[in-house]
Each structure stands twice: as C-alpha cells, then as structure tokens.
Undergrad: 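Here's a structure for you.
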Amino acid sequence: MNLTRLVYTSRHSDLVMEDFDQILMKSRRNNQRDHITGALIITDTNFMQLLEGSRAAVGQCLMRIAQDRRHSEVQIVSCGDVQHRLFMEWYMHLIMASRVKKEIISMYLIGGVFRPDQMSEFAVEDLCRTLSEGNWDSEAA
Ligand code: FAD
C-alpha cells in the first residue's frame, strides 16, 4: 500500500466547541473505518489537518472535507508518499493551538501571529513532526 500524507489548511468562523466535538467524533469514526490517522490543529481562525493513509482513502476523505460548509478556503500545503505514519495511534488527534507551549508555537509565528495557512510547507511539516512527538501541551506535567 502507498502511504500518503496530506496537510491542508482552511478557515473557519462562528464555530463553537460543540462543532469541533461533532467534527472530531465523525472523523474518528470514519477514519477508523478507512485506516486514516492524523491530527487536526485548531486556531481561532484556522484549521490545519494532517491526514495519513492509503492514497485512495486520503483522497476520498479530502473530497468530503473540501465540500464541508463548516470551513472554507481549503488549501493543500503538502502531499506525498511517506514511509511511516506520524500519528500512528490517532484516528484524529485534536490539538488546540492555544494549548501548545508558547516556546513551540513561537517558532512558527508570522508577524507575531500563528497562521498555518501562511506557513511554508517545510514549517508545516516541521510543526507536525514536533506535535507528533508529544510533550507539546502547556498543561501537561
Ligand atoms: P454524514 O455525516 O452523513 O454527512 C452528510 C453531509 O452533511 C456531509 O456533506 C457533511 O459535510 C454534512 N454535515 C454533517 N454534519 C454537519 C454539520 N453539523 N454541519 C454542517 N454540515 C454537516 N471527515 C472524515 O471522515 N475524516 C476527517 O478526518 C475529517 N476531518 C474534518 C476536518 C474538518 C476541519 C471538517 C470541517 C470536517 C472534517 N470531516 C472529516 C467531516 C467531513 O467534512 C464530512 O462531514 C464527513 O466525512 C461526512 O461523513 P459521512 O460521509 O458519514 O456523511
């Protein structure tokens, strides 16, 4: 099986925690079925999502996500074959950007703001790798 990793960003507005919970619940159910793993990073204005799985499964998932009216301006940041999964244990790991330690997030600010949609492919991949290694939560011991 070709293992594909895809990262996209999008914009959201007027969503509340209940919306995020619904998205997460549906994503985890579908992704388990489709053998997709990954992470969804949420900022005040943007989503950044990493999906990894077979090329077909990731492609079909992206098609559904792109048509979802709960966000807009979907932009693919990177996509390609990889050797292994970064988020092997997560059908969808929810990461609130506000909880990521300041010393980690500060490395990726653009003009003092965390805007995943404006980050380079390299910076996005580097951030995803860092987040997949754990110990990013500002409230973790
Ligand atoms: P159903 O759940 O039956 O949905 C049917 C239709 O209704 C779809 O078009 C769906 O988009 C729409 N819909 C359902 N609930 C709502 C709602 N509360 N408000 C508005 N429209 C709604 N899906 C995944 O499978 N995997 C993912 O990793 C994933 N990540 C996502 C990340 C983001 C940022 C967003 C916004 C959505 C994500 N989704 C993900 C959800 C995806 O967009 C589809 O809604 C979902 O895959 C459709 O599942 P379904 O085929 O079982 O259809």
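First listed ligand is number 1; within each ligand, the first listed atom is number 1. What you are looking at is a predicted structure, and each value in this text was computed from that prediction instead of being measured.
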Undergrad: Could you tell me whether atom 26 (N) of ligand 1 has a protein heavy atom closer than 4.0 Å?
TA: yes

Undergrad: R99 and S138: side-chain donor and acceptor closer than 3.5 Å?
TA: no

Undergrad: Would a single hydrophobic cluster contain both L109 and W136, if residues Ile, Leu, Val, Met, Phe, Trp and Tyr are joined by side-chain heavy-atom contacts under 4.5 Å?
TA: yes

Undergrad: Go through L6 and L62 one step at a time and tell me if the side-chain contact (heavy atoms from CB on, under 4.5 Å) criterion holds.
TA: CA-CA 9 Å; L6 181 144; L62 181 70; 3.9 Å; yes

Undergrad: Nearest non-hydrogen atom to atom 21 (N) of ligand 1 belongs to which of R28, R70, Q67, M25?
TA: R70

Undergrad: Give the contacting part of I65 toward ligand 1: side chain, backbone, both or neither, where contact means a heavy-atom distance below 4.0 Å.
TA: both

Undergrad: Quick one: look up the protein heavy atom nearest atom 3 (O) of ligand 1 and list residue, atom name and how far away it is.
TA: K26 NZ, 4.3 Å

Undergrad: Among protein heavy atoms, which lies nearest atom 47 (O) of ligand 1, and at what distance?
TA: R64 NE, 2.9 Å

Undergrad: Indicate the ring-plane relationship of H12 and F47, choosing parallel, tilted or perpendicular according to the 30° and 60° boundaries.
TA: tilted

Undergrad: For ligand 1, does D19 get within less than 4.0 Å through its side chain, its backbone, both, or neither, judged by non-hydrogen atoms?
TA: neither

Undergrad: Could you tell me the residue and atom name of the protein heavy atom closest to atom 32 (C) of ligand 1, and the distance to it rounded to 0.1 Å?
TA: Q49 OE1, 3.2 Å

Undergrad: Near L51, which atoms of ligand 1 are under 4.0 Å from a heavy atom of that residue?
TA: 28 (O)

Undergrad: Heavy atoms only: which of A57, S27, A39 lies closest to atom 29 (C) of ligand 1?
TA: S27

Undergrad: Considering only protein heavy atoms, determine whether one is less than 4.0 Å from atom 12 (C) of ligand 1.
TA: no

Undergrad: Are I42 and F20 close enough, and set up right, to give a side-chain contact (heavy atoms from CB on, under 4.5 Å), and what steps lead you there?
TA: CA-CA 9 Å; I42 304 180; F20 299 141; 3.7 Å; yes

Undergrad: Going by the atom numbers of ligand 1, which of them fall below 4.0 Å from some non-hydrogen atom of N31?
TA: 24 (C), 25 (O), 26 (N), 27 (C), 28 (O)

Undergrad: Test V124 against E121 for side-chain contact (heavy atoms from CB on, under 4.5 Å), laying out the working first.
TA: CA-CA 5 Å; V124 164; E121 178 178 347; 5.8 Å; no

Undergrad: I need the atoms of ligand 1 closer than 4.0 Å to a non-hydrogen atom of Y8, numbered in the order shown.
TA: 32 (C), 33 (C), 34 (C)

Undergrad: Any side-chain heavy-atom pair from I95 and L40 closer than 4.5 angstrom?
TA: no

Undergrad: Can you tell me which residue and heavy atom of the protein come closest to atom 36 (C) of ligand 1, and the distance to 0.1 Å?
TA: I23 CD1, 3.6 Å

Undergrad: Is there side-chain contact between C61 and R64, with at least one heavy-atom pair below 4.5 Å?
TA: yes

Undergrad: Please say whether H71 places an N or O atom under 3.5 Å from an N or O atom belonging to ligand 1.
TA: no

Undergrad: Quick one: look at F20 and ligand 1, take heavy-atom pairs under 4.0 Å, and tell me if it's side chain, backbone, both or neither.
TA: neither

Undergrad: Is there a polar contact, in the sense of an N or O pair closer than 3.5 Å, between N30 and ligand 1?
TA: yes

Undergrad: Tell me the closest heavy-atom pair linking M48 and P116, and the distance in Å.
TA: SD-CB, 3.6 Å

Undergrad: Counting non-hydrogen protein atoms only, what is the nearest one to atom 43 (O) of ligand 1? Give residue, atom name and distance.
TA: D68 OD2, 2.7 Å

Undergrad: Scan the protein's non-hydrogen atoms and note whether one is under 4.0 Å from atom 51 (O) of ligand 1.
TA: yes

Undergrad: Would you say atom 5 (C) of ligand 1 makes contact with the protein, given that contact here means a non-hydrogen protein atom less than 4.0 Å away?
TA: no

Undergrad: Please identify which atoms of ligand 1 are closer than 4.0 Å to at least one heavy atom of M92.
TA: 28 (O)

Undergrad: When you check the gap from the basic side-chain N to the acidic O, do R5 and E52 get nearer than 4.0 Å?
TA: yes

Undergrad: Would atom 8 (C) of ligand 1 count as contacted, meaning some protein heavy atom under 4.0 Å?
TA: no

Undergrad: I need the contact type for Q22 against ligand 1. Using non-hydrogen atoms and a strict under-4.0 Å cut-off, is it side chain, backbone, both or neither?
TA: side chain

Undergrad: For M119 and V77, run side-chain contact (heavy atoms from CB on, under 4.5 Å): C-alpha distance rounded to whole Å, both residues' side-chain angles, the deciding distance at 0.1 Å, then the answer.
TA: CA-CA 9 Å; M119 284 163 60; V77 178; over 6 Å; no

Undergrad: Determine whether L131 and L51 fall in the same hydrophobic cluster, where Ile, Leu, Val, Met, Phe, Trp and Tyr are linked whenever their side-chain heavy atoms lie under 4.5 Å apart.
TA: no

Undergrad: Let me see the working for Y108 and D126 under side-chain hydrogen bond (donor to acceptor under 3.5 Å, both in side chains), right down to the final yes or no.
TA: CA-CA 9 Å; Y108 303 98; D126 194 55; 2.8 Å; yes

